[in-house]
Amino acid sequence: MKMGTALIYDEEMTKYKLLWVDPACKIEVPERLIVSHDALVKNGLADRCVTVPVREATETDILLVHSEEYLEAVKKTPHMTLEDLKEFTQQYGDVYFHPNIYHCAKLAAGATLQLVDSVMTGKVRNGMALVRPPGHHSMRSAASGFCVFNNVAIAAQYAKQKYGVKRVLIVDWDVHHGQGVQYCFEDDPSVLYFSWHRYEHQKFWPQLKESDYNSVGKENGAGFNINVPWNKVGMKNSDYLSVFCHVLLPVAYEFCPDLVLVCAGFDSAIGDPEGEMCASPDIFAHLTHLLMNLAGGKLCAVLEGGYNLTSLAQSVCQTVQTLLGDSAPRPANLNGPCKSALESLHCVRSAHRRYWSCLKHAAELPTSDISTKRIKLAEEEEKLEKGEEEKSVEEKLWPEPPKRVTPPIRTALVLPDGVACPDGCSRFSSSEGPDAVIVSRLKENFLKDTDDRDALTTLSSLIALLEKMEKNEVCSGLALVRDVSMAMTCVVQHAAAAPSDRVLVVCVGDAVVPSHGTEDGKTLLVQFSNKQSEEQKSKYYIPVCLKKGCSDVSGFTQAVLGFLLPLGYEYDPSLVLLVRTPDSGLCDGVWQQLTGLLQGLAQGHTLVLMQEGEKACVGPTASSLLGDAAPPLGQLRAPLPEDVAALERLRHILQADWKLLQTTAPETGGGDEC
Ligand code: X5A
Ligand code: ZN
């Protein structure tokens, strides 16, 4: 199933630059594209992509978004003198023109459309376009912020028109607000635009009132514009993941796009002189991964900003490598969001609660509107902060993301005789025969009474597979076992014996779960079932009781996105053990989404256990473990109120221990410190 990843690039787009002195524009240099592409080549990623040529966008394409007058005006720029170009530039904000920029702008938009064509026709699954000039600031009749034509907005209109795409999700993770995209789709419910951006209470460019969280869209499009303002610099991985888990993903799954476009600007990464944020380049592996199970995997990433050449190149590589299907690196130091990020999160969720059933229960805004209240506070704080030494961008150093080593075997299966092994997977049985030590341990612990040779063979194969995963020789695994509870206990015991590993156990359905290992934090156990658990919830044993068990798609999906994922990310396991009982009630599609999403953790080391009888589920599970996109779930309805209440009760109890579960800012004043 797994199709390729397109890479669209042409050196021609490096052939324009700033020809005069303008401090606001000097960071937008041709080298941005060169270093990004070179890094992809050097890391062997470009070679693994399907090379798709660029084309020029036609006038018809450009007019999908821009006015004829504007197009005619830009069309004249190749023939202008330097003086004329300067003057022409004057009427817009923070942008420059060059005799070759019109040509490049047509290529940038055309490259984006080539990417959309490649994905929509199934030539590839996903892809990235490396383009200059960027697009998300440009408006119907105006250039802005280094942007001439709005590449991604044109692509969204084009996809709707040419392919009949009903719903497009645009994720703008660039550090600036793509006001051009917002204006284009403000009243259009078929395009959901999400943007986070440095805002600082309207002090940061483009300093618009309409970039704040309360611009939610207009008329029919109300609710389909989501702005997350960052009111402080220095936002970190936790802040970004928190917004994904608690705003973007729940809404995106409810929306159910047919196509995902990413305004992939990397000025939101550490080291960038514009963004001044602190997220590491490998966070883009996770942001990408988390979007890859939407729209059946149809994802087009299009370069926008990114001005620190080192950070930019690393971030581009992380994104493309993830699109190619390689596991994401383990996310580093997730200590929960900062207070200012939580305030933004709180505001956004509250502003959108009447539009999205997944946010219906979100807390109302505190009586005094945080945003306006903060403007005054921010001004005072600014005075206080003056004189405090701040780390300048130049001296901000971060480690190069470690090379992502892909295990030789992606997915190995332990299956009973007679069950076929799906394409692309390898059948696994411990070649040396059951290891004597393991056998005796298994006999001692689990097989006291029986002399079940089959069970013994299966369990020792399972342990051997686990060891291969620990050595990174195998990425993920699946075993059909006679007794999932026993196998689960067996794996947990084995893994807990290793010196420094953490295992996240996700149990779907009503199995007897192993209790040991959860005292010292070596195991975090999350169990979804409809049985109210008598047991004391501890930090590491978390029973989630859903009214209809796992059979309510909306409730379960929201529990996975807003609860399990943040827990999993904060716990940062070295192995995910995913167990499903035969009576779990979970349908295959949701199971595949769960399997796919969890592979963002533990470098993709996911071991799935299912009961012997569930042969029919081997194919779909294996497909998810291999990295295929899960099928879309359809637009989700509201989850059951009882389930929402149960989850919020749990969140309330657990958020002291698990900071990524937080969705509101603590009441106390001050705030904004990161
Ligand atoms: C695409 C992009 C930034 C413009 C900043 C102007 N534009 N101060 O990142
Ligand atoms: Zn930007």
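Here the structure is a predicted model, which means the values were calculated and not measured. Indexing begins at 1, ligand by ligand and atom by atom, following the structure's order.
At least one side-chain heavy atom of R198 sits less than 4.5 Å from a side-chain heavy atom of V233.
Atoms of ligand 1 lying under 4.0 Å from any heavy atom of D267, numbered from 1 in the order shown and given with element: 9 (O). Interface of E274 with ligand 1, defined as ligand atoms under 4.0 Å from a residue heavy atom, comprises 5 (C). In the vicinity of P134, heavy-atom distances shorter than 4.0 Å reach the ligand 1 atoms 1 (C). Heavy-atom contacts of D174 reach the following atoms of ligand 1: 9 (O) (cutoff under 4.0 Å).
Between G306 and ligand 1, no N or O atom pair is found at a separation short of 3.5 Å. Considering backbone and side-chain N/O of E304, none are found under 3.5 Å from N/O of ligand 1. Backbone and side-chain nitrogen or oxygen atoms of W205 are examined, and none is located within less than 3.5 angstrom of a nitrogen or oxygen of ligand 1.
Side chains of N237 and Y569: no donor on one and acceptor on the other come within 3.5 Å. When only modelled atom types and interatomic distance are considered, S242 and D239 share no side-chain donor-acceptor pair under 3.5 Å. Looking only at atom types and distance, the side chain of Q321 has a donor-acceptor partner in the side chain of D326 under 3.5 Å away. For the residue pair D172 / H136, a side-chain donor-acceptor distance below 3.5 Å is found, with atom types taken as modelled. Side chains of Q182 and N225: a donor-acceptor N/O pair is present below 3.5 angstrom, by distance only. The closest side-chain donor-acceptor pair between S144 and H137, if any, does not fall under 3.5 angstrom. E304 and N151 form no side-chain donor-acceptor contact under 3.5 Å, judged by distance and modelled atom types alone.
Contacts of V175 with ligand 1, taken as heavy-atom pairs under 4.0 Å, are absent altogether.
Using a 4.0 Å cut-off between charged nitrogen and carboxylate oxygen, K76 and E72 do not count as a salt-bridge pair. Residues K160 and D188 are paired through a salt bridge, judged by an N-O separation under 4.0 Å between the basic side chain and the carboxylate. At a threshold of 4.0 Å, the pair E28-K17 does not count as salt-bridged, since none of the basic side-chain nitrogens sits closer than that to a carboxylate oxygen.
Excluding waters, the set of protein N/O/S atoms under 2.8 Å from the Zn ion (ligand 2) reads D174 OD1, D174 OD2, H176 ND1, D267 OD2.
Given atom 9 (O) of ligand 1, the protein heavy atom at minimum distance is Y307 OH, 2.5 Å. Looking only at protein heavy atoms, the nearest one to atom 6 (C) of ligand 1 is D94 OD2, 3.1 Å. The shortest contact between atom 7 (N) of ligand 1 and any protein heavy atom is with G145 O, 3.0 Å.
Distances from ligand 1 to the non-hydrogen atoms of H136 include at least one value under 4.0 Å.
With a 6.0 Å cutoff to the six-membered ring centre and a 45° limit on the axis angle, R140 does not count as a cation-pi contact of Y183.
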